[in-house]
Amino acid sequence: MRKKVILITGAAGEIGQALVHQLSEAEPDLILTLDLSDMPPDIAPLCTHIKGSITDKSLLDRLVSEYEIDVIFHLAALLSTRAEYSPVAAHQVNVEGTLGLLELAAEQSQWRGKPVQFIYPSSIAVYGMPDLETKAAHPRVQQWEWNNPTTMYGANKLYGEQLGTYYSRNYKQLAEKEPVKLDFRAVRFPGLVSAFTAPSGGTSDYGPEMLHAAAKGEPYACFVRPDTTIPFMAMPDGVKALLDLVNVPLSALSRTVYNVTAFSLSADDFRTRVLAAFPEAQITFEPHAKRQAIVDSWPMDADDQPAREDWGWQPEYDVERSFNDYLIPNIRARYAK
Ligand code: AKB
């Protein structure tokens with residue numbers, strides 16, 4: 001008999017590490033992780049790890065021959081800045097990799113006669129505000145508004161949402177016998193900020209980078225203007241959103257894709273909060289015109305009312321609690337070691 005598992009792709013990344021930690025406390029099923037990198041030593045004992053790529057079809061075939069995959073948290077992706085430097089690689093991982101996993105989940109759903117849950121983190125990068133005036137005039141965007149991403153990553157994520165929705169609703173719609181379809185659920189995340197890992201390859205990274213640099217006593221030149229405002233969320237709430245969403249009955253969901261957010265901050269507000277905790281920090285602003293343009297195309301805030309109504313989404317960390325109870329004490333402790 002195949003072992004029932006929860007598969008986490010991109011598990012060595014920021015969300016993955018936090019998710020494995022949290023999931024391993026409650027989950028009796030095996031946690032199977034897949035990533036190009038090894039898992040960090042403190043997390044490795046909590047999961048069965050496979051080092052490899054989601055684009056490796058023979059590896060995915062091997063997985064389904066050995067395991068019954070019940071849930072997939074598909075976290076593997078090339079983020080927005082990195083994807084601009086390697087757009088073809090980004091498309092391969094973010095789109096073709098996602099397609100391969102959706103196929104796997106669709107086949108598994110049919111084989112076992114029960115939908116595989118496919119949990120997909122999307123991003124505010126799916127939005128593309130045309131200019132700063134429009135961004136200021138529409139500070140809290142609805143899910144369907146301004147879906148004109150300016151980055152490869154944003155375009156990939158938007159298409160990933162649509163592909164997943166297709167596989168869960170219309171897959172093989174012309175077949176004589178309707179297949180058991182997978183159960184696709186996506187959340188659009190704002191910039192996530194973790195106390196335990198530093199980000200890499202994203203464009204919302206200036207917030208966490210500022211904080212980690214200050215705690216390490218290193219100077220930091222912020223690559224966006226002080227007034228730049230986007231939504232953020234503390235990592236425990238990011239993990240909570242994924243776990244809340246996986247646990248809600250399908251009948252409660254009115255859509256496949258949900259905005260989730262916690263608080264919005266300007267880069268200057270971020271700096272003020274970092275300075276309050278680390279008064280010696282040297283934080284300057286040296287905007288990088290092209291990365292600035294990417295963040296300017298993301299909204300100031302996103303309306304997450306549907307998530308609140310359908311599955312009771314509620315962040316536990318507002319801005320005060322994020323900084324005072326989670327980020328500052330944990331980052332201090334981390335670098336004091
Ligand atoms: C990025 O900056 O690319 C990510 C995101 C907002 O999805 N952190």
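Just so you know, ligand 1 is whichever comes first in the structure, and atom 1 is the first atom listed for that ligand. Both backbone and side-chain heavy atoms feed into the values below; hydrogens, waters and symmetry mates do not.
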Can you sort out the partners of K240 under salt bridge (Lys or Arg N to Asp or Glu O under 4.0 Å), two or more places apart, ordered by chain and number? D244
Hey, what's the ring geometry for W313 with W311, parallel, tilted or perpendicular (30° and 60° as the breaks)? tilted
Find out whether the Lys NZ or Arg CZ of R188 is both under 6.0 angstrom from the six-membered ring centre of Y127 and within 45° of the ring's axis. yes
Does the structure place the NZ or CZ of R169 under 6.0 Å from the centre of the six-membered ring of F184, at an angle of no more than 45° from the ring's axis? no
Considering only residues two or more places apart or on different chains, which pairs with a residue in residues 214-235 satisfy salt bridge (charged side-chain N to carboxylate O under 4.0 Å, His left out)? K216-E218, R225-D227, R225-D296
Would you mind listing every salt bridge (charged side-chain N to carboxylate O under 4.0 Å, His left out) that reaches into residues 2-17, with sequence neighbours excluded? none
Find all protein N or O atoms under 3.5 angstrom from an N or O atom of ligand 1 and list the pairs with distances, or write 'none'.
residue: ligand 1; atom: 2 (O); partner: S80; partner atom: OG; Å: 3.3
residue: ligand 1; atom: 2 (O); partner: T203; partner atom: N; Å: 2.6
residue: ligand 1; atom: 2 (O); partner: S204; partner atom: N; Å: 2.9
residue: ligand 1; atom: 2 (O); partner: S204; partner atom: OG; Å: 3.3
residue: ligand 1; atom: 3 (O); partner: S80; partner atom: N; Å: 3.0
residue: ligand 1; atom: 3 (O); partner: S80; partner atom: OG; Å: 2.5
residue: ligand 1; atom: 7 (O); partner: S123; partner atom: OG; Å: 2.7
residue: ligand 1; atom: 7 (O); partner: Y153; partner atom: OH; Å: 2.8
residue: ligand 1; atom: 8 (N); partner: S204; partner atom: OG; Å: 2.9

